[in-house]
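Read the structure below first, then the notes.
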Amino acid sequence: MRPLPTPSQTVGPFFHGGLLREGLNVLVRPQTVGERIRIEGVVTDGDGRPVSDAMVELWQANAHGRYHHPADRRPLPLDPTFTGFGRCGTDDAGRYWFETIRPGPVPADGQGMQAPHMNVAVFARGLLDHLTTRLYFEDDPAIHHDPVLQRVPAARRRTLLARRLPAEGRPVYRFDIVLQGPDETVFFEF
């Protein structure tokens with residue numbers, strides 16, 4: 001008997017409870033190097049309704065632009081207090097948030113440097129697979145030269161830009177994720 005792959009299944013309604021733990025959305029400790037920021041947003045469906053049981057993952061470089069990953073062997077400081085990975089479920093209003101640091105720039109494959117950004121994965125009921133996108137900071141001048149962002153049609157780039165909100169204390173950036181429709185967030189295939 002030859003083994004066959006099983007058919008694809010949509011992400012079920014129970015992943016939310018099995019993969020989330022309190023505190024996974026706080027990526028920083030008091031010793032973590034870098035500018036503290038808060039990322040917050042809402043996940044909505046194609047009709048603009050909040051998705052109350054989505055899960056958002058964040059993966060980013062540290063303040064020096066180095067990833068906490070064995071494949072990143074560049075001679076940049078590795079902050080032992082910062083893994084660069086976080087996970088957050090959405091609440092009844094589709095809201096999520098992260099406490100983290102502003103990442104440093106990372107090199108592009110033979111194309112100079114990429115603008116500081118965060119890699120974002122979204123899991124939601126009904127999807128066959130998770131969605132991946134990027135979060136850039138609207139107030140960073142490096143976004144105008146980022147080789148990945150420049151490949152996105154100009155009219156759609158705004159869906160990848162986190163807006164800085166007026167706030168006292170640490171900077172707060174708003175990054176809403178739209179799963180479908182005319183304002184759909186740009187998602188990438190890898």
Side-chain angles (χ1 to χ4, degrees), residues 20-44 50-51 54-69 72 74 76-91 93-108 112-122 131-150 152 154 156-179 183-188:
L20 294 173
R21 291 192 323 262
E22 189 172 326
L24 288 176
N25 55 344
V26 178
L27 285 69
V28 292
R29 296 189 212 161
Q31 309 86 346
T32 303
V33 175
E35 179 187 14
R36 292 331 196 243
I37 62 173
R38 178 180 170 100
I39 303 293
E40 61 185 36
V42 175
V43 178
T44 55
V51 179
M55 183 175 74
V56 179
E57 290 184 343
L58 193 72
W59 184 55
Q60 66 171 94
N62 68 22
H64 304 288
R66 184 172 177 188
Y67 287 100
H68 189 87
H69 189 277
D72 191 343
R74 293 174 295 135
L76 296 171
L78 185 59
D79 185 343
T81 68
F82 186 72
T83 63
F85 176 79
R87 181 180 284 160
C88 184
T90 55
D91 64 14
R95 295 177 297 214
Y96 71 93
W97 60 271
F98 292 95
E99 296 289 340
T100 185
I101 57 164
R102 192 176 182 114
V106 296
M113 297 297 283
Q114 298 180 62
H117 66 274
M118 298 176 173
N119 302 291
V120 179
V122 182
L131 303 170
T132 57
T133 188
R134 280 187 169 191
L135 176 162
Y136 291 93
F137 302 93
E138 71 168 1
D139 57 354
D140 191 325
I143 62 173
H144 303 293
H145 309 289
D146 182 87
V148 174
L149 191 57
Q150 297 309 308
V152 174
R156 308 263 299 127
R157 289 180 195 150
R158 65 180 171 71
T159 69
L160 302 179
L161 302 179
R163 297 183 336 259
R164 186 169 178 155
L165 301 178
E168 293 185 21
R170 78 184 69 168
V172 176
Y173 288 90
R174 174 87 184 230
F175 185 68
D176 292 334
I177 300 169
V178 180
L179 299 179
D183 293 325
E184 179 180 314
T185 300
V186 171
F187 297 106
F188 298 95

* What's the shortest heavy-atom distance between Pro116 and Pro105, and which atoms? -> CG-N, 4.0 Å

* **Student check: side-chain heavy atoms of Asp183 and Arg158 closer than 4.5 Å** => yes

* **Rounded distance [0.5 Å steps], CZ in Phe85 versus CG in Leu24** => 7.5 Å

* Asked: At their closest point, which heavy atom of Leu20 faces which heavy atom of Arg87, and how far apart are they?
  -> CD2-CG, 3.6 Å

* Stepwise, does the side chain to side chain contact (heavy atoms under 4.5 Å, CB included) test hold for Val56 with Trp97? -> CA-CA 9 Å; Val56 179; Trp97 60 271; over 6 Å; no

* Between Asn119 and Tyr67, is a side chain to side chain contact (heavy atoms under 4.5 Å, CB included) present by the stated rule, with each step listed? -> CA-CA 11 Å; Asn119 302 291; Tyr67 287 100; 3.5 Å; yes

* Can you find a heavy atom in the side chain of Phe82 that is under 4.5 Å from one in the side chain of His64? -> no

* Would you check if Asn62 and His68 make a side-chain contact, meaning some heavy-atom pair closer than 4.5 Å? => no

* **Between Tyr173 and Arg102, a side-chain donor and acceptor under 3.5 Å** => yes

* The single option from Arg170, Arg36, Arg29 passing salt bridge (Lys or Arg N to Asp or Glu O under 4.0 Å) against Glu99 -> Arg170

* Just by distance, do the side chain of Thr185 and the backbone of Val178 share a donor-acceptor pair under 3.5 Å? -> yes

* With a 4.5 Å heavy-atom cut-off, do Ile39 and Phe137 have their side chains touching? -> yes

* To do: For Leu179 and Glu184, run side chain to side chain contact (heavy atoms under 4.5 Å, CB included): C-alpha distance rounded to whole Å, both residues' side-chain angles, the deciding distance at 0.1 Å, then the answer.
  => CA-CA 6 Å; Leu179 299 179; Glu184 179 180 314; over 6 Å; no

* Nearest atoms (heavy-atom pairs only) where Ile177 meets Val120 -> CD1-CG1, 4.1 Å

* To the nearest 0.5 angstrom, please state how far the CZ atom of Phe188 sits from the CG atom of Leu131. => 12.0 Å

* Nearest-0.5 Å distance, CZ of residue Arg134 to CG of residue Leu161 -> 12.5 Å

* To do: Taking all heavy atoms of Pro103 and all of Met118, pick out the closest pair and write down the distance.
  => CD-CE, 3.9 Å

* Structure fact -> Heavy-atom closest pair (Pro50 atom, Ala93 atom, distance to 0.1 Å) is CB-O, 3.2 Å

* Asked: What's the spacing between Ile143 CD1 and Gln114 CD if we round to 0.5 Å?
  -> 14.0 Å

* Asked: Can you find a pair of side-chain heavy atoms, one from Asp79 and one from Thr32, that are under 4.5 Å apart?
  -> yes

* Asked: Can you tell if the side chain of Asn25 reaches within under 4.5 Å of the side chain of Tyr96, non-hydrogen atoms only?
  -> no

* Asked: Name the one of Val33, Leu27, Val28 that satisfies side chain to side chain contact (heavy atoms under 4.5 Å, CB included) with Ile101?
  -> Val28

* Has the side chain of Asp176 got a donor or acceptor atom that lies under 3.5 Å from a matching backbone atom of Val42? -> yes

* Asked: Can you find a heavy atom in the side chain of Arg157 that is under 4.5 Å from one in the side chain of Asp146?
  -> no

* Rounded distance (nearest 0.5 Å) linking atom NE2 of His144 with atom CG of Leu149 -> 9.0 Å

* For the atom pair CZ (Arg156) and CG (Leu160), what is the distance rounded to the nearest 0.5 Å? -> 8.0 Å

* **Cationic N near anionic O, under 4.0 Å, Arg164 to Asp140** => no

* Asked: Any side-chain heavy-atom pair from Thr90 and Met55 closer than 4.5 angstrom?
  -> no

* Asked: For the residue pair Thr159 and Val186, what are the closest heavy atoms and their distance?
  -> OG1-N, 3.1 Å

* In terms of ring plane angle, is the pair Tyr136 and His117 parallel, tilted or perpendicular, where the classes change at 30° and 60°? -> tilted

